[in-house]
There are 2 protein chains.
Amino acid sequence: MNHSEQDATRTRLLEAAGIVFAEKGFNSATVREICLRAGANVAAVNYHFGDKIELYVEVFRRSMVLAQEAEAEQFLLPPEQALTAIITGMVRRMQSSEEGAAWHVRIMAHELAQPTAALDRVVQEVIGPRYASLRTLVSRIIGLPVENETTRMCVLGVIAQVVHYAHARPVISRICPDMDFDPDRIGRHISTFSIAGLRAIAASNTATQTEHQEVP
Amino acid sequence: MNHSEQDATRTRLLEAAGIVFAEKGFNSATVREICLRAGANVAAVNYHFGDKIELYVEVFRRSMVLAQEAEAEQFLLPPEQALTAIITGMVRRMQSSEEGAAWHVRIMAHELAQPTAALDRVVQEVIGPRYASLRTLVSRIIGLPVENETTRMCVLGVIAQVVHYAHARPVISRICPDMDFDPDRIGRHISTFSIAGLRAIAASNTATQTEHQEVP
DNA sequence: GACAGAATCAAACAACTGTTTTAATCTGGT
DNA sequence: ACCAGATTAAAACAGTTGTTTGATTCTGTC
């Protein structure tokens, strides 16, 4: 079997499935809609992928690989500038050209609402490594070890702000209809906000290790 | 029609539907599973609510009302302490007793992945007002008007961190299996982190209004 | 106890689901 | 031109979906 990209209808099925799965999720998406959108027969999914779920796993895996960035270069910058670069990159990548989040974000939203078996693999293969590298960067900024509950919460806090603009978009756009979703502006804000937060955590940590430090 | 709470099977249907809708979402949930869990006949949903969607709207609306807090009293505290109280309350409320997020959070997760018509109403009735009151509090802390893009982003940043621990739980628990989800600890961290962020925003604002302020 | 209305039930409905089957068509090598 | 294998196509499969139907049971009132 030649699985290179030249297989026309296989590729069309993957593209169509990406759109439909992003909108409906695995369960509510139908192979008939996918095949119709791909201009293929109903049996095409079973012929080319065996299963509906195997098609989904392939789509989900590809979407997350696509969501990755070049990375690498920005770790040469000083830590705080590197963090700003990473944050801005993430915000930009999670936002599709038009209104709404990128399709790989919408698939992940369905996975968060109702995880499938494919989530384990994707977390381990692509999200895990990205989380780890961001964690070493944050641990360098706040001066705490990598394996530390506070470090973890700091990383999650940064990620939280970034993904919120993508995942919670349906609510945000309803609450503030005239919101400006410019990725650079959002990225800059999250960076300023988060770096100050990290510095405060670092300060509260150098002062006393165990006791909770009231912000002075 | 007497819609008070004494209607036994109607109440049981609402409870069962809450569980099933939280797990599967509107589309993937089946009225058969709901009725089975409620110990009722398959026709019970149509008899008591007319539609599957009317049952869902009722469940969704109730879940969000349940998610509200007493509020009121903590606005007497000085702004930053009030914010800490609100954050901790939100974190606590979004976490059910056991592993995983509260059921009203899981229903919202499905709505974010694929909004239904019910979302408009819920946002307008319960999320909107809560967002507004949090916004006035934040605007008082950072010294910016309520209707301001920076104020908005600050509020969203705080909310983002809170809801992330609930919505992204499937990913978080996979990335760090030995994570401690103690609501008070998380709430304290988010407060420290966010208040520092807000102060930085406030400082960068009083310095120069238009230009982006590099954190010193 | 009889009776009207509410409530529950089993059964069936048509529509839709993923998948399989079987035949038809296309493709490239000889 | 021919043919084996890959690919497509139409049709049918069994199972599930939300909803409806019509009969049966329950409930409170006279």
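Convention: sequence-line order gives letters A, B, ...; per-chain numbering from 1. Note that the structure is a prediction, hence the values are computed from the model and not measured.
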Whole-Å distance between dT8(C) C1' and Phe49(B) CZ? 15 Å

For Ala44(B), which contact category applies under a 4.0 Å heavy-atom criterion: base, sugar-phosphate, or nothing? nothing

Choosing from dG18(C), dG18(D), dA9(D), which nucleotide comes nearest the side chain of Ala43(A)? dA9(D)

Tyr56(A) has an atom OH; how far is it from atom C1' of dT19(C), in whole Å? 20 Å

Taking atom C1' of dT19(D) as reference, at what distance in whole Å does atom CG of Asp51(B) sit? 9 Å

To the nearest Å, how far apart are Leu13(A) CG and dT7(D) C1'? 12 Å

OP1 or OP2 of dA6(C) under 4.0 Å from side-chain N/O of His48(B): no

Comparing Phe26(B) with Val42(A), nearest DNA chain D nucleotide closer to 5' gives the residue Val42(A)

Within 6.0 Å of CD in Glu54(A), more than 12 heavy atoms from elsewhere: yes

Lys52(B) atom NZ is separated from dG18(D) atom P, nearest whole Å, by 4 Å

Could you tell me whether the phosphate oxygens of dC16(C), OP1 or OP2, come under 4.0 Å of any side-chain nitrogen or oxygen in Thr30(A)? no

Is any side-chain heavy atom of Ile127(A) closer than 4.5 Å to one of Met108(A)? yes

To the nearest 0.5 Å, tell me how far Lys52(B) NZ sits from Phe21(B) CZ. 6.0 Å

Treating His110(A) as the side-chain partner and Glu23(A) as the backbone partner, does any N or O pair qualify as donor plus acceptor under 3.5 Å? yes

OP1 or OP2 of dT8(C) under 4.0 Å from side-chain N/O of Thr9(B): yes

Grab the CG-P distance between Asn41(B) and dT21(D) for me, whole Å please. 15 Å

What integer distance in Å separates Arg32(A):CZ from dT16(D):C1'? 13 Å

For the pair Glu147(B) and Arg135(B), find out whether any cationic side-chain nitrogen is under 4.0 Å from an anionic carboxylate oxygen. yes

Atom-pair distance (OH on Tyr47(A); P on dT25(C)), nearest Å: 17 Å

